[in-house]
Amino acid sequence: MKILIINKFLHPNGGSETYIFKLGDYLKSVGHNVEYFGMEHEGRCVGNSVNAYTSDMDFHNASKLDKITYPFKTIYSKEARVKIRKVLDSFNPDVCHINNFNYQLTPSIILEIVKWRKKNKKKCKIIFTAHDYQLICPNHMLKNPNTKENCEKCLGGHFINCLKDKCIHESSAKSAIGMAEAIFWNKKGTYKYIDTIICPSNFLKDKMDTNPLFKDKTIALHNFVDKVDWEETEKKDYVLYFGRFSEEKGIKTLLDVCKSLPSIPFIFAGTGPLEDEINSVSNIKNIGFKKGKELETLIREARFSIYPSEWYENCPFSVMESQMYGTPVLGSDIGGIPELIDVNKTGELFKIKDKSELKEKILELWNDKDLAETYSKNCKDIHFDSIEEYYKKLLPLYKRGI
């Protein structure tokens, strides 16, 4: 099959890019022909045979002219339609697998795919992997940045709430653009052309299904992970947090609990805006951002890890990774996190922002080494899909109706 993978960034930038690169490589390895479409960038590492990409849009370092034109380009992009048409004509794909597209590419690419397949009488499937809540929430997070609370006001198409609450960067102007984009494309009915929406968690699927248009299109499919060899690892005396140091990740709640447990050593691995606050806590050792073998060893040797996030997490790889390496997880009971932890077997949950319960659970796992060790051994039996298993579930979606 010929598969066109579409994502606004074609360079390493985050989880969506990791997904498309690994998926694309595997699709090629089993004999499929794969090309990519997205935005041009100096770091672009994948592409297409006609070298057609949209212009690089840098919202942070834009010129005065760009700042005037960007608001219109983020709602509708004629350039994206022209450029993707060149790729469609040249590549003639059987599947267009769309990922993150808002702002830089815009949903206008969907209209061009539909126009192209109609003209060519082509049964080209349109698959969309929802890496966040972008189709139902203009700020993509279902979280109010002003109140710091999770928010579902826009569900059901009530996008005016984005403007009312200044949900995008706490800016009325940017929120107005986000609201306008959501209203425009939903009124236009563009998303009806998507054949299947892949949701990496049942939680995200439930939220997507609040839109009747999506309800019959969604499928829950947890993200794939790299295979990991099981190893019995001697645990060391520390509790681990690894990830971004930011408020939505529950760091402020965790810091208050750490301060109340001065005899327990914590290691934090990552970067983020709350770094100074982390460095001020005496029983926390901040070792900065780690990756590869160094991060793997850090995870394997931890007594247990904590994932205290306070926003609607989708399918956090950190929770899966910890258990794959034999380390239990104490996670907050929000979003897709509970779907990944086998409670009272490979870890435990606590109520979000509940400092007393978090403290109680930390003490329980810290003081009862046998319990933590049992959870660790149980991680041997936990299963997450490998790329091979994920592909077997994905292929029927690609082939459906072709």
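Model, not experiment: these values are computed from the prediction.
- Closest non-hydrogen pair, Val228 versus Arg300, comes out as CG1-NH2, 3.5 Å.
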### Query
Step by step, would you call Arg85 with Glu112 a salt bridge (Lys or Arg N to Asp or Glu O under 4.0 Å)?
CA-CA 7 Å; Arg85 184 58 179 259; Glu112 194 59 37; 2.8 Å; yes
#### Entry: Criterion salt bridge (Lys or Arg N to Asp or Glu O under 4.0 Å) on Lys125 and Asp195, from CA distance to verdict
CA-CA 6 Å; Lys125 308 303 291 183; Asp195 295 294; 3.8 Å; yes
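- Side-chain contact annotation: Glu79 with Thr54, donor-acceptor N/O pair under 3.5 Å absent.
- A side-chain donor from one of Ser356 and Asp354 sits under 3.5 Å from a side-chain acceptor of the other.
- Heavy atoms only, all atoms of each residue included: Lys235 and Ser376 are closest at CE-OG, 3.6 Å.
- Taking CG of Leu221 as the start and CG of Leu397 as the end, the distance is 7.5 Å to the nearest 0.5 Å.
- Every residue meeting the salt bridge (Lys or Arg N to Asp or Glu O under 4.0 Å) condition with Lys393, not counting sequence neighbours, appears here in chain and number order: Asp385.
- In this structure, Arg303 fails the cation-pi test against Tyr238, since its NZ or CZ atom is not both closer than 6.0 Å to the six-membered ring centre and inside 45 degrees of the ring normal.
- For the residue pair Asn99 and Ser16, no side-chain donor N or O sits within less than 3.5 Å of a side-chain acceptor on the partner.
- Here the shortest heavy-atom pairing between Cys199 and Met208 reads SG-CG, 4.0 Å.
- Side-chain polar atoms of Tyr398 and His97 form a donor-acceptor pair below 3.5 angstrom.
- Contacts of Lys293 classified as side-chain contact (heavy atoms from CB on, under 4.5 Å), with partners at least two apart in sequence or in another chain: Glu296, Thr297.
- In this structure, a donor-acceptor pair under 3.5 Å is absent between the side chains of Thr233 and Glu231.
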Sequence neighbours left out, cut at 3.5 Å: what donor-acceptor pairs do the side chains of residues 182-190 make with other protein atoms?
| unit_1 | atom_1 | unit_2 | atom_2 | d |
| --- | --- | --- | --- | --- |
| Trp185 | NE1 | Ile75 | O | 2.7 |
| Asn186 | ND2 | Ala182 | O | 2.8 |

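- A search for salt bridge (Lys or Arg N to Asp or Glu O under 4.0 Å) contacts involving Glu294 returns Lys290, not counting sequence neighbours.
- Under 3.5 Å, the side chains of Asn279 and Asn286 contain a donor-acceptor pair of N or O atoms.
- Side-chain contact annotation: Thr346 with Asn378, donor-acceptor N/O pair under 3.5 Å absent.
- Side-chain contact check for Thr253 and Lys353: no donor-acceptor pair (N or O, by modelled atom type) lies under 3.5 Å.
- Residues satisfying the side-chain hydrogen bond (donor to acceptor under 3.5 Å, both in side chains) test with Glu389, not counting sequence neighbours, are His383, Ser386.
- Summarising the geometry, atom CG belonging to Asp237 is positioned 11.5 Å from atom CD belonging to Glu301; distances are rounded to the nearest 0.5 Å.
- Between the side chains of Tyr36 and Arg44, no donor-acceptor pair is found at a separation under 3.5 Å.
- Using modelled atom types, one finds no donor on one side chain facing an acceptor on the other under 3.5 Å when comparing His11 with Glu17.
- For Ser305, the side-chain hydrogen bond (donor to acceptor under 3.5 Å, both in side chains) test picks out Ser322, with sequence neighbours left out.
- Lys355 meets the salt bridge (Lys or Arg N to Asp or Glu O under 4.0 Å) test with Asp256; sequence neighbours excluded.
- Looking at residues two or more places apart in sequence or on another chain, you find no salt bridge (Lys or Arg N to Asp or Glu O under 4.0 Å) involving Lys143.
- Side-chain contact of Glu313 with Trp311: a donor-acceptor pair under 3.5 Å is present, judged by distance alone.
- Applying the ring pair (Phe, Tyr, Trp, His ring centres under 6.0 Å) test to every pair with at least one member in residues 112-142, sequence neighbours left out, gives these pairs: Tyr19-His131, Phe101-Phe128, Tyr103-His140.
- Checking Tyr312 against Glu152 by side-chain atom types alone, a donor-acceptor pair falls below 3.5 Å.
- Not a single side-chain hydrogen bond (donor to acceptor under 3.5 Å, both in side chains) links Glu170 to another residue, sequence neighbours left out.
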Sequence neighbours excluded and cut-off under 3.5 Å, please list the side-chain donor-acceptor pairs for residues 172-181, or say none.
| unit_1 | atom_1 | unit_2 | atom_2 | d |
| --- | --- | --- | --- | --- |
| Ser175 | OG | Cys167 | N | 3.1 |
| Ser175 | OG | Ile168 | N | 3.0 |
| Ser175 | OG | Ser171 | O | 2.6 |
| Glu181 | OE1 | Asn102 | ND2 | 3.3 |
| Glu181 | OE2 | Asn102 | ND2 | 2.7 |

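- Applying the ring pair (Phe, Tyr, Trp, His ring centres under 6.0 Å) test to every pair with at least one member in residues 266-291, sequence neighbours left out, gives these pairs: Tyr241-Phe268.
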### Query
Could you go step by step and tell me if Asp94 and Lys399 meet the salt bridge (Lys or Arg N to Asp or Glu O under 4.0 Å) rule?
CA-CA 9 Å; Asp94 300 299; Lys399 289 184 172 181; over 6 Å; no
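- Across Pro93 and Lys122, no two heavy atoms sit closer than the pair O-CE, 3.1 Å.
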